[in-house]
Amino acid sequence: MATEILTYEYDVVVIGAGGAGLRAAIEARAHGKSVAIVCKSLFGKAHTVMAEGGAAAAMGNVNAHDNWMVHFRDTMRGGKFLNNPRMAELHAKEAPDRVWELEEWGALFDRTKDGKISQRNFGGHEYPRLAHVGDRTGLELIRTLQQAVVSFQQKDFKEHGDYEARVKVFQEHTVTRLLKDGDRIAGAFGYRREDGRFVLFKAPAVVLATGGVGKTFKVTSNSWEYTGDGHALALLAGATLINMECIQFHPTGMVWPPSIKGALVTESVRGDGGVLRNSEGKRFMFDYVPDVFRKQYAETEEEADRWYEDPDNNRRPPELLPRDEVARSINSEVKAGRGTPHGGVFLDVSTRLPAEQILKRLPSMYHQFKELADVDITAEPMEVGPTCHYVMGGVEVDPDTAASTVPGLFAAGEVAGGMHGSNRLGGNSLSDLLVFGRRAGLGAAEYIDGLAAGGRPAVSDADVEAARVEALAPLEHDGGENPYTVHAELQQTMNDLVGIIRREAEVAAAVEKLAEFRERREKISAPGTRTFNPGWHLALDLRNMLLVADCVAKAALERQESRGGHTREDYPAMSAEWRKINLVCSLDEQGLAQLERKPVPTIRKDLLELFELSELKKYMTDEELEGLEDAK
Amino acid sequence: MPAATSDPEFMTITVQVKRYIPETEETRWDEWQVQALPTWRILDALHQIKWELDGTLTFRRSCAHGVCGSDAMRINGRNRLACKSLVKDLNPDKPITVEPIQGLPVIKDLVVDMDPFLQAYRDVKPFLIAHGNEPTKERLQSQKDRDRFDDTTKCILCAACTTSCPVFWTDGQYFGPAAIVNAHRFIFDSRDDAAEERLEILNEREGVWRCRTTFNCTEACPRGIQITQAIAEVKRALITRRV
C-alpha cells in the first residue's frame, strides 16, 4: 500500500488555502474549471486568520477624499518606489470591488453611522482606509471565503450528487515538487500528512499561494506553515524570484514572555491612537521622521494629537510612519539604552483611549496580553519590539495574469513579488490576496482555455519516481542529525546575521553557514514511520527554508543600499541607481541561488504625474524624470 | 527557544500525554519531565518534547496565538487551546495531563479526525443566502444589526465546545454546539434571507432540541462565546418563528 501513489486529475491545483489560494480557487471554479485546493493545515486554519488590522481599499466611506490614486501613491511611497507599478495600480483600483464582493458573500464588517463599511487609520495610509471587523479581520476573511467554497460544493452536490465534483480540498497535504512536461507545468507531487501516502496531481495549471518565509527566522509573528514552500517550488521548477532581500520586520511584536516573543501586536493599536515611548517616557518617533516623509508627518505632539479629530488640517502622528521606519527607530532606541526591562519599547494605549473603547476596538490584543503576559493594556503600556513578519520578495509574475516565467505556473499573495516594493503597508496584504488571488484564478482558467485541444501536458514517470525518492530520504537515514536542531540553528543564524540591520561581513558569514546547513540536511534522519510524523515533515520543509534563506542572504549581500525592508549599516542611504534594479533569483546547475540584475518596470507617465516632481526627485534619477513637469 | 536551565525561574514539570499509535492500534500514556518557565504555554512544553525528547509526538497547531483553532486538547481534564493555557495557571506540582478532545476518532496521539465535526458545520449551510439583486457596493447594515450576531462570528472551529458536550459523546449524530453557533451567525444576520431554511435543519431529530443545557460548551469556548445562550436563542426562534 505504501508504494501506491494516489493520483488525481484537475484543471487547476491551488497550493495554499489562505486568502489568495481560496480567492484563486473560487475564480477558477466560477470559470468552470475543476480545482484541487491543497493545504498543509486543516481547511480554514491558514495564516491569513492572524491578520488583525483590516483590508486596505479606497472606498472613501470615512473620508470622501480617498480614491485609487491616493492609495496608489501611498503604496509606492511605502515600498520606496521599488514596487511593480502596474501591480500597485491594479491593486489600488480593484481593492474596493474585492471588499464589496466579500461583503456581498456575507463577511461581517464594522459599520459607519450610515451603515456602510467602516474604515480605520493605518501606517502610511493618508486616509482611514482599512475595512475591518474589530481586530479579527483575517479570520472573517478566511471564514467568508471558506463559506463561499462550501456554497459552491453544495451547488455541485445538487447538480452532480457529489460535493467534491468540481472543488476538492486536500487538507493536511504537502506538495514537495512541481512536475513539468518540457517547459510547461504538468502537475504536482506531494504527500498526505495523515498517513504519509504519496499523492500525484495531474494538472496543466498550478497556482502558488503558500504565503511567506518567516519560519527561517527565530523571532517571527508567522505560523509554522511559513517555510517558503511556494518560493522553493517555484525556483525548483525554473521560475524566478525577485528582491528576496526585502523582509518586513513588523515594529510591534511582543517581547515578553520569552515563549511568545515575536507574537504580533496589531498596528491598529497605533491607528486607533496608541503611542510609542522609550524608557524615559519620550514619544521618540518625532526624532525619526525621514526626509522623504517630512511633509506628511506632524512635528509636535499637539499637532499629532489633533490629527485624530481633524485630519484635514493637521499632519499625521509619526507612530503611523510605514513599518520599516518604525521598526528601525525602535531598534535604535533599544540600542541606545533607552529600552524597556525586556528589551523593547513601550506601546501605550491605556492613557489614550477609555478602557471600554480599547475592549471594543482591540479585544484580541486585550486578551492576548492579559492571558499570555498578565498585562492589562487598558491600565498599563505594552512592551514591544520588531518581529519578522512578511516577505516583500517573491515569485516574479506578470501583473495582469499572475503568471510566472514558467507556463502554467501562477503565484498570488505573499509568495508573489513586486506588489509591495521594498516595504508593505499594513492593510495592503488582505487586499493584495483578494485582488491578485482573483487574477491568478482567472489567469489559470484563461491559460487552460488557450491550450490546444489534446494539448494537456503529461507527467513523466521518471520525475514522479525522483520526487518519491527525494521525499523518502529523511526516513531512510539512520542515526543522522535531528531536523529540529538544524532548523533552530538556521533560525538563529538568519536572525543574527541577516536580520533587521545588515552588515556585509555578517551576511557573507551567513551565506557560508547556509552551505554547511545544506550539507547537514542531506544527512538528517527522522525517526518513526510515515504516519503523521512531524520530524519527517520538517526535514522536507527544511529543503525549502534553506533554498529561500540562500536567496535572501545572497540578495542582501548584493544590494548595496538601504531601502524599506533591507537595511545595510554599511550603505545607510537609498540610491536612485539601485531603485531601478530588481534582484532576480534563480537556481544554477548545482541548485544554488544565483542573482541577476534586471530593470524595475518603468512607471507610466500618467502614474508619475500623480506625484509632485520634488517628491519624485528624492527617489529617482534626473534622467528618469526628464521631460516631466511639475503639475502643481 | 529556551533550555537556558540556569535561569532560576525554570522548573521541572511532568507532562503526561495519552498517545495512540495507529500502526499497532495501541493506546498508552507517556510521561516526560520538561524544564519550563511558569509563563510557558502547554504548547511550548509539547514543542519541547517533540523537538528534543521524542520527535514522533504528534499534535496540531498552526498560528499558536489562539486564532486558528488547531490545538484544542483536553488538558487536565478540560478542553482548552494548548497555545492559551499557561503552566502557571495549572498546578505544576502535579503531572499535567494532555489528551485528545473526546468524541471524534483519534488518528494519532493528539490528532483527531475532524471530518464529522466539519460535516455538521457544512450541514447548517454556513454561507450567506440573500435573494434579490446583487448590490454594486455594500449592503447597508446598522451597527446595531451587526452587533446582533457579533458574538457567534468569533468562532474559530476548534471543536472545544462540541467535544465537551456529553450529548455529542453519546450521540455522534448530534449537530453539536459549534454547528449551531455557526447557524446562529446567519439566522440573526439582517442580510440573510434563509433563516427559515436553517431553522428547519436545526429542528430535525439531531438538531437543537438535543441540547441539555449543561453549559460545558460555554465553559470550554476559548473565544468566550456565550454558546448556551446562542443555542437558547435558536430554540426560542424555533418556537416563536421570529428572529
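Protein chains get the first letters and strands the later ones, always in sequence-line order, with residue 1 at the start of each.
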Does any backbone or side-chain atom of [X] lie under 4.5 Å from a heavy atom of chain B? Answer side chain, backbone, both or neither.
X	answer
A/Glu104	both
A/Glu172	side chain
A/Trp536	neither
A/Gln171	side chain
A/Ile117	both
A/Gln154	side chain
A/Trp105	backbone
A/Ala488	neither
A/Ile142	neither
A/Gln491	neither
A/Phe109	backbone
A/Asn61	side chain
A/Ala107	backbone

Between [X] and [Y] (salt bridge meaning N to carboxylate O under 4.0 Å), is one present in this structure?
X	Y	result
B/Asp150	A/Arg136	yes
B/Glu138	A/Lys116	no
B/Arg122	A/Glu164	no

More than 12 non-hydrogen atoms from neighbouring residues, nucleotides or ligands closer than 6.0 Å to CD on B/Glu25, yes or no?
no
Counting only heavy atoms not in B/Lys88, do more than 12 sit closer than 6.0 Å to its NZ atom?
yes
Using non-hydrogen atoms and a 4.5 Å limit, figure out which bit of [X] sits close to chain A: side chain, backbone, both or neither.
X	answer
B/Val111	side chain
B/Arg61	both
B/Lys154	both
B/Pro22	side chain
B/Leu43	neither
B/Lys50	both
B/Leu157	both

Considering non-hydrogen atoms only, spot the tightest contact between [X] and [Y] and give its length.
X	Y	answer
B/Cys155	A/Leu139	O-CD2, 4.3 Å
A/Leu372	B/Cys83	CD2-O, 3.8 Å
B/Cys63	A/Met50	CB-SD, 3.1 Å
A/Pro534	B/Thr56	CD-O, 4.2 Å
A/Ser259	B/Trp40	CB-CD1, 3.7 Å
B/Ser62	A/Ser41	OG-OG, 3.8 Å

Within this structure, what is the [atom1]-[atom2] distance for the pair [X] and [Y], rounded to the nearest 0.5 Å?
X	Y	atom1	atom2	value
A/Ile260	B/Asp44	CD1	CG	7.5 Å
B/Asp147	A/Asp110	CG	CG	8.0 Å
B/Lys144	A/Arg111	NZ	CZ	15.5 Å
A/Arg143	B/Ile156	CZ	CD1	8.0 Å
B/Asp189	A/Leu108	CG	CG	7.5 Å
A/Phe43	B/Asp115	CZ	CG	12.5 Å

With a 4.5 Å cut-off on side-chain heavy atoms, are [Y] and [X] touching?
X	Y	answer
B/Leu37	A/Pro257	no
B/Val67	A/Ser364	no
A/Met59	B/Lys137	no

Select, from B/Arg41, B/Lys84, B/Met114, B/Arg60, the one with the greatest count of heavy-atom pairs under 4.5 Å involving chain A.
B/Arg60
As an exercise: rank B/Gly69, B/Ser85, B/Ser142 by heavy-atom pairs under 4.5 Å with chain A and give me the winner.
B/Gly69
So which of A/Gly528, A/Ala263, A/Pro96 has the biggest tally of heavy-atom pairs under 4.5 Å with chain B?
A/Ala263
Can you tell me which of A/Thr529, A/Asp97, A/Asn222, A/Asn533 forms the most heavy-atom pairs within a distance under 4.5 Å of chain B?
A/Thr529
Does the side chain to side chain contact (heavy atoms under 4.5 Å, CB included) test come out yes or no for B/Tyr121 and A/Gln147, once each step is laid out?
CA-CA 10 Å; B/Tyr121 166 70; A/Gln147 288 155 359; 3.6 Å; yes
So does A/Phe532 get a backbone contact from the side chain of B/Lys108, meaning a donor-acceptor N/O pair under 3.5 Å?
yes
Please confirm whether the backbone N or O of B/Glu52 pairs with a side-chain atom of A/Asn482, one donor and one acceptor, at under 3.5 Å?
no
Under the criterion side chain to side chain contact (heavy atoms under 4.5 Å, CB included), I'd like the reasoning laid out for B/Arg146 against A/Val133: C-alpha separation, chi angles, the key distance, then a yes or no.
CA-CA 10 Å; B/Arg146 170 236 177 278; A/Val133 197; 3.5 Å; yes
